[in-house]
Amino acid sequence: MSSYNHKAIETKWRAYWEKTQAHTVKMDPAKPKFYCLDMFPYPSGSGLHVGHWRGYVLSDVWSRYKRLQGYNVLHPMGWDAFGLPAENDAIKKKIHPRVSTANNVANFKRQLHEIGAMYDWAREVNTTDPDYYKWTQWIFLEMYKHGLAYRKEMPINFCPSCQTGLANEEVVQGACERCGTQVEKRNLKQWMLKITKYADRLLDGLKTLDWPEKVVKMQESWIGRSEGADVVFAIDGSDHQITVFTTRPDTLFGATYMVLAPEHELVAKVTSSEQAAEVEEYVRQAMTKSAVERMANKEKTGVFTGAYGINPVNGQRIPIWVSDYVLIDYGSGAIMAVPAHDERDFEFAQKFDLPIIPVIAEPDGTIPELPFVINGKMINSGAFDGMDSEQAKKAITEHLQKKGQGKASVQYKMRDWVFSRQRYWGEPIPIVHCPECGEVPVPEDQLPVTLPDVENYQPTGTGESPLSAIGDWVNTTCPKCNGAAKRETNTMPQWAGSCWYFLRYADPDNNEALASPDKLKYWLPVDLYVGGIEHAVLHLLYSRFYIKFLYDIGVVDFDEPFIRLFNQGMVCKDGAKMSKSKGNVVNPDELVEHYGADSLRIYELFIGPPEVDSEWMDNGIEGVYRFIQRVWNLVVRSLNDLPEPTLASEKMRHRLIATVTERIESFKLNTVVSAFMEYINQVGSTLDRQSLETLVILLAPLAPHLTEELWQMLGHKPSVFDAQWPKADAEMLVADQVTVAVQVNGKTRATVDVAVDASETDVMSAAAEITSVKNALSGKEVIKTIYVPGKILNLVVR
RNA sequence: GCCGGGGUGGCGGAAUAGGUAGACGCUACGGACUUAAAAUCCGUUGGGUGUUUCGCCCGUGCGGGUUCGAUUCCCGCCUCCGGCACCA
């Protein structure tokens, strides 16, 4: 008997797929499409490990499954190749990022081929290709024209190790998301994208998506919409006024002081001369503290300015303080403090001995323990006393509005996107600075603005990009007036290229547009997007923003890019995430060599529920390898002496179809594998032709090489992927025998096998024969029986 | 602190419109084949216990509750992992 030779089989079929261009897809309006997308990788120098495989296998199983169901499946792959590691390598080893990137891409591609996925490599995209980033720049210019890209000098997060500014989304607990270094605040003139303009639409769109709830929640809380009111406070003896944002206008009568953020422009203007020295010192210290230091020290600090605000509802004079617990970049950078009903204000008031006046009571009127931060009944609030505080929010806001001292207001936690990086290896921002004309966008016909070669990639660290040192490149002429001008030297963040790459796959070679409208219309949006959770609020939020903008300017006809999202879990080793630095990386190359790609594919699925982190076990793949050999041997053995199908084999066959289909649909891919194993364990030594063929088709998404070979051995022309996914016959799924559990007082004593339509009496008489049941019943009286046909018979005794 | 998700054998994990807990795989042990080993195949494998072809007790993080019956539902804890974190 010929034995299973994974190497020969996998080599043969990979060559066959390549020769026949089996995975090249074309737009075909007559066929339904399915767009199955992997988050494209950054081609790092360390290559793929088995954790990367997991998502790629998952999406390939789905792609092949959909293909077998008759869909025209787009399953592309490409490279998110701008980024810091290549640039850091360039600095360290003096290798041009273009060269190292090309090397890494070649290695990644080789490794991805090993998976045996049905990628259409004719559609490969690379964000660092000028033909690609031309369109990344084009989108930026469209945003610029529509007022969404602007330049502003402001304090931003700056990573001293990466030597570049960062977006808020790239700062995790005060540290750089990439390298873990504590970030600093730096005042830099930055390009910003007005993502906040889309805050509400980004929030509303989430409701329409088939995404993991966790990601939806994360985006919601990142956007952080709060409804409340702006309240205007006059300043005693001054023309200035302070606007504050509050979500609790109902507590306005309880405001006993106000706080300005140290950076607030009114601090210098309102501070009294007696307090000036103290305030200046406090502000100076606050500014030098890093964001982390400010966060780490939760102990409240602050200084009185000597000024007083006037409460618009009751004319009360309340002191104005400066404290760093108020953030400059949220709301107006100033608050009214209601210590009775806010934990932070309460703490501050206690420390500095400021008055605490309750204005919300329990619904029954009793004064609760303070701070009392939930809704209740209004007290100490003049005309609003007795009102429910929820209603009072509205009533007080309306009252302020009439007086012209306030209005309803909505605030978001999300800030505009800091979009420039002071680094070399990124898309140049296509803007020219002209002394006469100011900022001038590079005309579309001059795109792309390509990256020049440089001698030295070292970031300057001064907030200027290494590009600024390339005179030939920086010095240019103004597209408007033809006078001498300079190019913008900041580059775009790595996210820029990944915001829209999935559009380019639809039409990767288009020179006229980022993709043609009819191809976009056919292929997009993405039906299934597979990738890690780490992009929950970065890439996935930025992409949604880009697509909403492209929708607004008529480039695409949908405004959510990814209909369904699936986050695969990490693969861990020794309880930790695989990483080169921990030295716990499992290399797939050796496993493919030893067991074959099909075994590794199936083990990646079998390792655990796909959405959950899983622990890699080195000998787990052995079991899968044995299973594959059993399938192989079963087919070979059966072909020697094909039996006829029986009713039993037909029932098993249909049961397998139903189980596998249902479990793929619900993403329970680990249990799909066990369904196959159970089937192989129970069918016996040979199987009839139809059962074998069904088995091969059902297994094809998981083990494409093996099943192509078996399909051919069964006398078919390749490819098995031209076959049709079988359908289960509902009648064949009905079992004729069932096992019923016999319980006494809810405790299972035995099981009986009976006909599926057995009556309670049938089961009872069968059960009465069994020793354990007899024991449990002896000397007892049966007072009640519960019979669930096909499931249980429960005898309640006394 | 707030929000979200988990705790099931030696291990990875099955099973939740409440109905046989531990499928499937790994490990381990025993057996067959073999000169021997590997591979393969066949058993056993949650813990305890007895009068051992059979039976009994315990068991899904802990403590309660609802129910004929709870891994599944409810209440209260413990614990682990993620996200956010002075956002007014």
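Order of the sequence lines sets the chain letters (A, B, ...), proteins ahead of strands, with each chain counted from 1.
- Listed candidates were B:rG13, B:rA21, B:rC84. Nearest to the side chain of A:K413 is B:rC84.
- Atom CD of A:E177 and atom P of B:rG83 are 11 Å apart (whole Å).
- Using a 4.0 Å heavy-atom cutoff across all strands shown, A:M677 reaches sugar-phosphate atoms only and no base atom.
- For the residue pair A:E390/A:N375, the side-chain donor-acceptor check at 3.5 Å is satisfied.
- At a threshold of 4.0 angstrom between heavy atoms, the contacts of A:N681 are confined to the sugar-phosphate backbone, with no base atom among them.
- Of the two residues contacting RNA chain B, namely A:S221 and A:I792, the nearest-nucleotide position lying further toward the 5' end is that of A:I792.
- For the pair A:M218 CE and B:rG82 C1', the computed distance is 8 Å after rounding to whole Å.
- Using a 4.0 Å cut-off, some side-chain N or O of A:T748 falls inside it from OP1 or OP2 of B:rA21.
- Each of A:Y595, A:W53, A:W616, A:Y625 was compared with A:Y603 under the ring-ring contact (aromatic ring centres under 6.0 Å, His included) criterion, and only A:W616 meets it.
- Remark: A:R626 is not in phosphate contact with B:rC41, judged by side-chain N or O atoms under 4.0 Å from OP1 or OP2.
- The base of B:rG19 lies close enough to the side chain of A:Q743 for a donor and an acceptor atom to sit less than 3.5 Å apart.
- Rounded to the nearest Å, the gap between the P atom of B:rC62 and that of B:rC56 is 25 Å.
- Residues A:E170 and A:W495 have side chains that bring a donor and an acceptor to within less than 3.5 angstrom of each other.
- For the residue pair A:Q219 / A:R544, a side-chain donor-acceptor distance below 3.5 Å is found, with atom types taken as modelled.
- Rounded to whole Å, the C1' atom of B:rG30 lies 47 Å from the corresponding atom of B:rU66.
- In the set B:rC3, B:rC86, B:rU20, B:rC86 carries the atom at the smallest distance from any side-chain atom of A:D324.
- Residue contacts shown for A:D329 are absent, as no nucleic acid heavy atom lies under 4.0 Å away.
- Rounding to whole angstrom units, CD of residue A:E615 and P of B:rC26 are separated by 18 Å.
- At the heavy-atom level, A:I335 lies under 4.0 Å from base atoms of the strands shown.
- Between A:N670 atom CG and B:rC24 atom C1' there is a gap of 10 Å when expressed in whole angstrom units.
- Judged by distance alone, the side chains of A:E227 and A:T247 never bring a donor and an acceptor atom under 3.5 Å apart.
- Closest to the side chain of A:N619, from the set B:rA21, B:rA23, B:rU27, is B:rU27.
- For the C1' atom pair drawn from B:rU8 and B:rG43, the interatomic distance equals 26 Å after rounding to whole Å.
- Looking at which nucleotide of RNA chain B each of A:Q629 and A:V172 is closest to, the 5′-most match is held by A:Q629.
- Side chains of A:D200 and A:Y412: a donor on one and an acceptor on the other come within 3.5 Å.
- One can place CD of A:Q219 at 15 Å from C1' of B:rG4, the figure rounded to the nearest angstrom.
- The residue A:R663 sits apart from the nucleic acid: no heavy atom pair falls under 4.0 Å.
- Note: CZ (A:R630) to C1' (B:rC42) measures 12 Å, nearest angstrom.
- Nearest heavy atoms, A:V326 versus A:P262: O-CD, 4.0 Å.
- Note on A:K577: nothing from the nucleic acid sits closer than 4.0 angstrom, heavy atoms only.
- Between B:rC57 and A:R749, a contact under 4.0 Å exists linking OP1 or OP2 to a side-chain N or O.
- Rounded to an integer number of Å, the gap from A:K393 NZ to B:rA88 P is 11 Å.
- Taking atom CD1 of A:I783 as the reference point, atom P of B:rG69 lies 11 Å away to the nearest angstrom.
- If you check the side chains of A:Y4 and A:N633, you find no donor sitting under 3.5 Å from an acceptor.
- Nearest to the side-chain atoms of A:T671 among the listed nucleotides B:rA15, B:rC57, B:rG19 stands B:rA15.
- B:rG22 shows a glycosidic angle more than 90° from 0 and is accordingly assigned anti.
- Spacing of C1' atoms, B:rG48 relative to B:rC41, comes out at 33 Å, to the nearest Å.
- For RNA chain B, if you chain together Watson-Crick or G-U pairs that step i with j, i+1 with j-1 and so on, the runs of at least three with distances under 3.5 Å are B:1-7 with B:78-84, B:10-12 with B:24-26, B:28-32 with B:40-44, B:46-50 with B:54-58, B:61-65 with B:73-77.
- Here B:rG13 is the nucleotide among B:rG13, B:rG25, B:rU20 with the atom lying nearest to any side-chain atom of A:P609.
- The side chain of A:K747 lies closest to B:rC58, out of B:rG19, B:rC58, B:rC54.
- Closest to the side chain of A:S226, out of B:rA88, B:rU27, B:rG55, is B:rA88.
- The side chain of A:T246 approaches B:rA88 more closely than any other nucleotide in the set B:rG19, B:rU16, B:rA88.
- Nucleotides B:rG55 and B:rA37 are separated by 43 Å at their C1' atoms, to the nearest Å.
- The separation of B:rA21 from B:rG69, taken at their C1' atoms, amounts to 14 Å, rounded to a whole angstrom.
- In this model, no donor atom of one side chain and acceptor atom of the other lie less than 3.5 Å apart for A:S389 and A:R248.
- B:rG31 and B:rA17 have their C1' atoms separated by 46 Å, with the value rounded to a whole Å.
- Ranking B:rG55, B:rC68, B:rU20 by closeness to the A:T771 side chain, first place goes to B:rG55.
- Closest contact between the side chain of A:M617 and the listed nucleotides B:rC11, B:rU20, B:rC56 involves B:rC11.
- Anti is the classification of B:rU27, since its glycosidic angle lies more than 90° from 0.
- Within the nucleic acid shown, A:R225 has no heavy atom closer than 4.0 Å to any nucleic acid atom.
- Rounded to whole Å, the P atom of B:rC2 lies 23 Å from the corresponding atom of B:rC73.
- Between the side chains of A:D230 and A:T243, no donor-acceptor pair of N or O atoms lies under 3.5 Å.
- Counting any heavy atom pair closer than 4.0 Å across all strands shown, A:K214 reaches sugar-phosphate atoms only and no base atom.
- Proximity of the aromatic rings of A:Y257 and A:F348 is defined here by a centroid distance below 6.0 angstrom, and this criterion is met.
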